[in-house]
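The structure under discussion appears below in the form of structure tokens.
When a residue number appears, it is its place in the shown sequence, counting from 1.
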Amino acid sequence: MRRAFTLLEVLVALIIAGIVALAARAALSGGMDTEERVRMHAARTEGDARFRALLVSVLRHMTDAPAAGVTPLVVRDTLLAERGQSHALEFYSRGLSLPAGGGATLRIELVPSDDGLTIHAHDSHDVMRVSGRAPGLAGVRLRFRALSGEWLDQWPRTLQVPAAVAIDFTPRSGSAQPAPLIVAVGLEARP
């Protein structure tokens, strides 16, 4: 004699199948979310690394102003809503095009904001304009090394570039603290 399933057995089987399906969906969804977070983290890390490399290149090839009497390095204090005080930096560099140090002199601006740290480069005629942004960084604190070897919080020498620049990055909320950056400036021009 053939035994049939009771309504109770069918309901229990459906409930168990539903629980297994929900668990499988949750595991798959969690895996896909993790994959997306890893991809976003990798893209942000790569973007920050490229930004830092660009910053190192332009700082390393910092040069005197293209005209006499023009200040080659300007540091301004700025206030960010999210992270407090930061510095903005303007200077001239020949380190944007290859070979590094052999390109045209460009005006470089490092501008902090609550949306991320932005670098702008442009020539005197605004023919060449390049911009980059590190969204994980909100601001910077700068220190400057004089030729005498001392580190200064401000750069008072208006017609001279420093021997080195130290940058402490301020991360945006939720971002990891990046390592500080110390760049020797204009080594080819030093005696």
Are side-chain N/O atoms of His87 and Arg76 paired as donor and acceptor at under 3.5 Å? no
Have Ser131 and His120 got a donor and an acceptor in their side chains that come within less than 3.5 Å? yes
Establish whether Val75 and Val111 are linked, either directly or via other cluster members, by ILVMFWY side-chain heavy-atom contacts under 4.5 Å. no
Run the side-chain contact (heavy atoms from CB on, under 4.5 Å) test on Leu106 and Ser93 for me, step by step, so that the C-alpha distance in whole Å, both residues' side-chain angles and the decisive distance to 0.1 Å come before the verdict. CA-CA 5 Å; Leu106 301 174; Ser93 177; 5.8 Å; no
Which heavy atom of [X] sits nearest to which heavy atom of [Y], and what is that distance?
X	Y	result
Phe91	Val58	CE1-O, 3.5 Å
Leu152	Ala146	CD1-CB, 4.4 Å
Ala166	Trp151	CB-CZ3, 3.6 Å
Pro72	Thr63	CB-O, 4.1 Å
Ala163	Leu147	CB-CD2, 3.9 Å
Thr71	Tyr92	O-CE1, 3.9 Å

Which distance, rounded to the nearest 0.5 Å, do you find between the [atom1] of [X] and the [atom2] of [Y]?
X	Y	atom1	atom2	result
Phe169	Phe51	CZ	CZ	7.0 Å
Asp153	Arg143	CG	CZ	7.5 Å
Leu142	Leu110	CG	CG	7.0 Å
Leu59	Ile167	CG	CD1	5.0 Å
Ile119	Arg52	CD1	CZ	12.5 Å
Leu11	Ile15	CG	CD1	6.0 Å

Counting C-beta onward and ignoring hydrogens, is there a side-chain heavy-atom pair between [X] and [Y] closer than 4.5 Å?
X	Y	value
Leu89	Val140	no
Arg145	Val183	no
His41	Arg37	no
Phe144	Leu73	yes
Leu181	Leu55	yes

Evaluate whether atom CZ of Arg39 has more than 12 neighbouring non-hydrogen atoms of other residues, nucleotides or ligands under 6.0 angstrom away. yes
Using only atom types and a distance under 3.5 Å, with no angle test, would you say the side chain of [X] pairs donor to acceptor with the backbone of [Y]?
X	Y	result
Ser86	Gly139	no
Ser57	Ala53	no
Thr6	Glu9	yes

Would you call Arg107 and Glu90 a salt bridge, taking side-chain N to carboxylate O under 4.0 Å as the test? yes
Step by step, work out the side-chain contact (heavy atoms from CB on, under 4.5 Å) result for Ile182 and Val165. CA-CA 6 Å; Ile182 298 177; Val165 177; over 6 Å; no
